[in-house]
Every structure is written in structure tokens, then in C-alpha cells.
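Notes follow the structure.
For ligands, and for the atoms within them, numbers begin at 1 and follow the listed sequence. The first residue in the sequence is number 1, and the count goes up from there. Keep in mind that this is a model prediction, so the values were computed, not measured.
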Amino acid sequence: MPMNDPVLQQSYAAAVPELSVPWQADVPPAPELVWLNEDLAAELGYDAAWLCGPEGMALLTGQLDAAGKPLIPGSDAPERPFTTAQAYAGHQFGSANPQLGDGRAVLLGDLVDTLGDRRDLHLKGAGATPFARAGDGKAPLGPMLREAVVGESLHALGIPTTRALAVLTTGEQIAPRQGVTPEPGALLVRAAASHLRVGTLEHAAWHHDLGVRRALLDHVIERHHPTAEGAESPPLALLEAVMRSQAELTAQWMLVGFVHGVMNTDNMALSGEGIDYGPCAFLDVHRHGAVFSSIDRGGRYAYGNQPGIALWNLSRCAETLLELVDEEDPNVAVEQATAVLEGYEGHVLAAYARGLAAKLGIPVATGPARGGGSPPDGEGAAATGAGPGPDPLPSIRELGADLFALLEEQQVDHTGFFRALTDGDPSALFRDPAPFEVWHGRLLALRGTGPSADASEEAMARTNPVHIPRNMHLDAALRAAHRGDLEPARTLLEAVRRPFEHRAEHAHLEGPGDGGDLFMTFCGT
Ligand code: AMP
Ligand code: MG
């Protein structure tokens with residue numbers, strides 16, 4: 001039995017039936033569990049041993065009856081499936097695509113976890129759905145493991161993300177593209193605050209009437225940003241909440257050197273969680289223009305472009321809400337939505353500077369803003385030195401910009417630098433340490449101005465990871481998995497789930513490995 005016997009529901013389909021279709025996952029020929037996230041299982045209320053048994057496997061492979069209970073093996077699929085495939089649209093590499101959707105995935109349902117939060121369970125690789133377009137509906141093992149590793153890593157780093165509950169192989173061999181060596185077919189079961197995306201709002205705005213769009217708005221607000229409900233303008237309050245959560249998320253990605261790789265609007269969740277890790281990667285050497293995705297030829301989703309792209313996506317999000325903001329006067333709606341989005345830059349810069357301060361060991365109080373009782377909010381108010389005095393965040397950002405220019409110029413590893421700064425002296429990482437020494441003097445001066453100059457070392461060790469999924473190690477683990485050896489992927493998962501500790505058994509995974517600078521990923525969709 002599951003521990004709490006979580007009850008799966010289809011809250012989204014119940015609230016907005018127009019935006020999904022009931023759809024049954026294919027029956028995989030010979031499913032095998034490759035990796036089970038036992039911590040997450042417990043958090044969701046599932047017993048790990050139960051998940052490994054026949055009922056659990058039915059759940060993990062999407063074989064549910066009409067009420068959302070695991071199908072007994074051998075019994076018929078329900079006439080009307082419980083599980084659903086969601087419709088969405090999106091802007092892909094800047095171009096509108098009116099019809100996307102869960103082409104190879106079904107929403108198993110949503111449940112209330114042991115913490116009291118509502119979470120979706122979603123199954124990727126479930127076979128072609130009505131939204132598959134030309135796709136085969138399959139998912140190869142490598143990309144599913146990559147998504148699991150990246151999600152666990154980001155989660156352990158404290159960054160909002162969807163997470164893998166399980167990775168399974170289906171028993172099939174699949175070839176996603178011509179000329180690609182066949183690879184084991186796989187399933188990924190992931191948990192997410194929801195699967196509502198900017199692209200979901202776009203689909204509603206482009207294909208549905210105001211009634212459907214209002215129902216969707218209400219559902220998104222209820223589920224993710226309930227304080228918007230009582231606001232003077234709920235759609236504007238939702239936009240504000242989505243804007244803030246994306247500003248926070250993007251700032252955190254920048255700080256750990258994460259490149260999402262395909263920040264299309266259909267890959268931007270309204271919950272503020274990172275989602276859909278395809279051709280993503282972490283920086284080795286710090287490089288503003290770093291692009292790892294073979295499909296991103298123009299570098300649209302380069303590391304340094306991410307904050308600007310998030311705002312571009314938020315503008316598409318705002319457009320979908322205009323009629324809900326002011327049905328009569330589009331000019332008023334545009335003006336009001338623009339005013340909300342004008343707050344983005346301040347939020348992203350403030351979140352970035354606060355995070356940078358923690359990484360650099362510069363104490364910045366997080367209490368009420370200087371000279372007033374308002375909570376940290378936006379650029380000005382977030383600057384919180386001890387009492388009155390100049391706002392420290394701009395100088396922190398300037399120090400950061402100079403550091404990153406130096407790292408790029410001398411080809412220094414992003415993660416390695418911050419950890420060396422935490423553990424001791426990073427000057428050995430520089431070919432010419434002189435400019436670093438000058439920079440370090442400025443850092444020491446800034447550290448000295450804060451409220452508690454020596455309390456920050458421990459905080460640095462909890463902010464600057466030892467372990468991220470290094471591109472070369474992840475790539476090697478995925479290649480081993482392709483050959484049937486899953487041990488390296490499991491070891492990497494263990495390493496990134498405890499990112500802040502040096503451990504002898506994971507020491508070989510700490511550095512970038514050989515050839516990281518030239519790394520490219522072809523793990524697209
Ligand atoms: P992604 O690039 O993974 O975010 O996916 C973009 C769109 O393509 C989504 O609508 C996916 O559901 C769809 N898609 C990706 N791979 C497949 C596939 N193998 N079969 C069907 N649809 C797919
Ligand atoms: Mg996607």
C-alpha cells in the first residue's frame with residue numbers, strides 16, 4: 001500500500017476541460033525501473049517498495065483505471081481514460097507555434113503531498129498523443145536521465161524545479177532521428193507544482209473565448225499565486241507574481257552557471273519552477289556567450305541572454321492577459337501590463353546581487369529595508385546594509401561583473417572558482433593572478449562593510465557547490481547507460497544530490513573533466 005495512499009485527481013481538466021484531452025499511455029512491452037527517487041516518493045506519500053511492485057509499476061507506466069487507480073496487470077484500459085494530454089502553444093526560438101501540447105506525455109494526475117502542496121505527476125515517453133504532430137511519442141533513455149540528474153541537482157542547490165520521481169526503460173529500442181543509433185526507450189515520471197506554462201495561456205488566448213480564458217486564469221491563480229485572487233486586478237497581480245518568480249529563477253540560474261538551452265514560452269512554467277531540461281548544461285569555464293545546444297544556432301538562449309529572454313517570454317505572457325485586464329480598452333491594458341513588467345529588471349538585478357553577495361561572502365542583511373519597514377522588494381528596498389548608508393547591491397554587481405570578465409578572460413571554471421574562494425585561495429586558478437589579487441582586495445573591502453563580516457564563510461559553503469552535473473561526466477554517464485551500464489548515472493545522481501560536500505567516493509566528479517570547453521549537447525526534444 002502507498003503510505004498515505006495519495007489520491008490522484010485531474011483538477012486541471014475539471015477546471016478547464018477545453019485545454020486537455022483524456023488520453024491513455026501506451027503499454028510498454030517490458031518496463032524496468034532504472035532509478036527511483038525514494039526521498040521524493042516519501043514526500044509525495046508513496047511507499048518506495050510499493051512503487052517497485054506491480055501496482056506501483058502500473059502507476060509509473062501510466063496504466064490507470066477510470067478512477068485513477070493502478071490497473072491490475074492484464075486488465076483492459078478504461079473506456080474513458082483518467083489520464084490527460086494537455087494542449088499548449090508557444091513561441092519557439094521567437095516564432096509563434098499555435099499547436100504544441102503533450103505530444104509524448106500524459107498527466108497522470110495531481111495529488112496533495114505530505115507537505116500539503118498540490119503536485120502534478122506527469123509521464124514523459126508515454127506514446128504519441130493527439131498533440132504529437134510528426135513525433136513518435138517516444139523518449140530515449142539519455143535525455144530522460146539527463147532531465148532527472150539536472151532536476152535533482154537544481155533542487156539540491158535550492159532552485160525551484162520539477163523533479164524526477166522515476167526513470168524506467170520500456171524494453172524497446174528507439175531511434176529518434178534518422179542516422180541516430182537506436183537507444184533504449186524510456187519513461188520519465190516527474191513531479192511538478194503544475195504543468196501550466198506561458199504556452200498554456202497562449203493556447204487559450206489564441207484559440208479560446210474569454211470564458212475559457214477566465215477559467216484558466218482562476219485556476220492558475222488558485223493553484224500558484226492565490227494572493228492574486230483578492231487583488232484589484234487579478235490578471236495583473238498574476239502577471240506580477242509570475243514576473244517575480246521568473247526573475248528569482250533566472251537570477252539563480254545565472255549564479256550557478258546554468259544554461260537552460262531552450263527557453264521557449266512552452267518551456268516556462270507559471271509556477272516559477274524550471275521545467276523541460278533538454279539541451280541544457282552548466283558552465284565549466286565562465287563564458288557570457290556560452291551555448292551548448294546544437295539546435296540553438298543563433299545563440300538566442302546563450303547563458304548571458306537568459307535574463308533578457310525571460311523578460312521577452314513574460315511579455316508574451318502579458319499579451320495573453322490583456323483582454324482580461326481591460327476588455328474595453330486595449331491601450332489601458334497595455335499600459336498597465338507594461339508597468340508591471342517594468343518591475344522585472346529591478347527584481348532580477350536585486351535577486352542576482354543578493355545571491356552574488358552570498359556566493360562572495362559579503363554579508364547583506366535580509367531584514368527590513370533600510371530606513372523603513374517595508375519587506376525586501378525590488379531594487380531599492382532590497383538593498384539592506386546595516387542601517388542607513390549607501391545601497392551595497394550596485395557595488396556587489398559591479399564587483400561581480402568585473403569578476404566574470406576576469407574569469408572569462410583567463411578561462412577560469414565558474415563553479416570551481418566559487419568553491420575555491422569558499423575553501424581557501426583561488427589565485428592558483430588564474431594564469432596571471434595579479435588582476436585577481438586586485439579584485440580580491442576590493443572583495444575584502446566590501447566584506448568589511450557589512451553587519452557581520454565573519455558570519456558569511458559557512459553561508460558560502462552552503463551556497464557554492466562542490467558538485468554540479470559536469471557536462472563531461474554527465475555525458476559519460478549517459479553513454480554508459482546507453483550501453484546498459486547504469487552505475488555511472490546513479491553515482492552522478494548521488495553526487496549532485498549532496499552538492500555542498502567533498503566526498504572521497506565522488507572526488508572524480510568534482511572537476512570539469514577533459515574536453516568540457518568544447519562540449520555540445522544534441523539532447524534536443
Ligand atoms: P520540447 O522541445 O521537449 O519542449 O518539446 C516541444 C514539443 O514537441 C512539445 O509539444 C512536445 O510534446 C513535442 N515532442 C517532443 N518530442 C516528441 C516526440 N518524440 N513525439 C511527439 N511529440 C514530441
Ligand atoms: Mg517542452
Side-chain angles (χ1 to χ4, degrees), residues 19-21 23-26 28 62 83-108 120 122-148 150-151 161-162 164 170 172-180 182-190 192-203 206-207 259-271 273-281 292-297 300-301 309 313 316-317 521-525:
L19 293 179
S20 59
V21 295
W23 195 258
Q24 189 77 13
D26 286 355
T83 51
T84 53
Q86 292 166 284
Y88 51 84
H91 278 84
Q92 299 181 301
F93 290 92
S95 305
N97 189 332
Q99 277 302 349
L100 290 162
D102 286 335
R104 54 167 172 175
V106 295
L107 181 64
L108 298 178
D120 271 4
H122 195 244
L123 176 67
K124 226 182 203 179
T129 76
F131 305 111
R133 297 172 294 156
D136 61 1
K138 312 281 187 194
L141 179 59
M144 296 306 102
L145 281 172
R146 173 187 291 277
E147 181 162 337
V150 169
T161 179
T162 63
T170 59
E172 292 175 302
Q173 289 284 315
I174 61 168
R177 288 182 299 280
Q178 262 193 333
V180 175
E183 188 171 355
L187 300 172
L188 173 86
V189 184
R190 74 177 172 199
S194 86
H195 287 80
L196 302 166
R197 310 144 190 265
V198 170
T200 313
L201 290 172
E202 290 179 305
H203 192 278
W206 298 346
H207 303 294
V259 187
H260 181 283
V262 59
M263 285 175 72
N264 294 334
T265 56
D266 52 300
N267 292 334
M268 186 187 257
L270 298 173
S271 65
E273 286 182 341
I275 191 170
D276 277 0
Y277 306 118
C280 58
F292 298 99
S293 163
S294 60
I295 55 172
D296 189 4
R297 293 197 190 86
R300 178 180 172 90
Y301 298 134
I309 287 292
N313 289 350
R316 305 291 77 74
C317 181
T521 170
F522 296 86
C523 286
T525 50

ask   = What's the shortest heavy-atom distance between Leu270 and Cys317, and which atoms?
value =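 Shortest heavy-atom contact: CD2-SG, 4.3 Å.
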
inquiry  = I need the minimum non-hydrogen distance between Ala128 and Gly135, along with the two atoms involved.
reply    =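 Scanning both residues, the minimum pair turns out to be CB-O, 4.3 Å.
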
key: Side chains of Val198 and Tyr88 in contact at under 4.5 Å (non-hydrogen atoms)   =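 A side-chain contact is absent here, since even the closest heavy-atom pair is not under 4.5 Å.
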
ask   = Under 4.5 Å between any side-chain heavy atoms of Pro184 and Glu172, yes or no?
value =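 The answer is no, as the side chains (C-beta and beyond) never meet within the 4.5 Å cut-off.
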
query = His195: what forms a ring-ring contact (aromatic ring centres under 6.0 Å, His included) with it, not counting sequence neighbours?
reply =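 For His195, the residues satisfying ring-ring contact (aromatic ring centres under 6.0 Å, His included) (neighbours in sequence not counted) are His122.
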
For [X], atoms of ligand 1 separated by under 4.0 Å from a heavy atom:
X      : result
Asp276 : 4 (O)
Asn267 : 4 (O)
Arg133 : 7 (C), 8 (O), 10 (O), 13 (C)
Lys138 : 19 (N)
Gly101 : 9 (C), 10 (O), 11 (C), 12 (O)

ask   = Taking only residues two or more places apart in sequence, or in another chain, which ones meet Asp26 in a side chain to side chain donor-acceptor pair (under 3.5 Å)?
value =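 Residues passing side chain to side chain donor-acceptor pair (under 3.5 Å) with Asp26: none at all.
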
inquiry  = Checking Thr162 now: which residues fulfil side chain to side chain donor-acceptor pair (under 3.5 Å) with it, not counting sequence neighbours?
reply    =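 Once residues adjacent in sequence are excluded, Thr162 has no partner under the side chain to side chain donor-acceptor pair (under 3.5 Å) criterion.
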
key: Arg146 side chain vs Cys280 backbone, donor-acceptor pair below 3.5 Å   =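 Yes.
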
task = Look at the side chain of Asn267 and the backbone N and O of Asp276, then say whether any donor-acceptor pair between them is shorter than 3.5 Å.
result =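 Such a contact is absent between Asn267 side chain and Asp276 backbone.
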
query = Counting heavy atoms only, which of Ala128, Gly127, Pro143, Gly103 is nearest atom 22 (N) of ligand 1?
reply =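 Heavy atom nearest to atom 22 (N) of ligand 1 belongs to Gly103.
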
ask   = Parallel under 30°, tilted from 30 to 60°, perpendicular over 60°: which one fits the rings of Trp206 and His91?
value =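 Rings of Trp206 and His91: perpendicular, over 60°.
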
Return a yes/no value for [X]: is any of its N or O atoms, backbone included, closer than 3.5 angstrom to an N or O of ligand 1?
X      : result
Leu100 : no
Gly137 : yes
Lys124 : no

inquiry  = Suppose the cut-off is 2.8 Å; how many protein N/O/S atoms fall inside it around the Mg ion (ligand 2)?
reply    =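 There are 2 of them.
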
task = Record the part of Phe131 in heavy-atom contact with ligand 1 below 4.0 Å; permitted values are side chain, backbone, both and neither.
result =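 None of Phe131 does.
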
Among Glu202, Gln86, Gln92, His203, side chain to side chain contact (heavy atoms under 4.5 Å, CB included) partner for Leu100 =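 Single pass found, and it is Gln92.
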
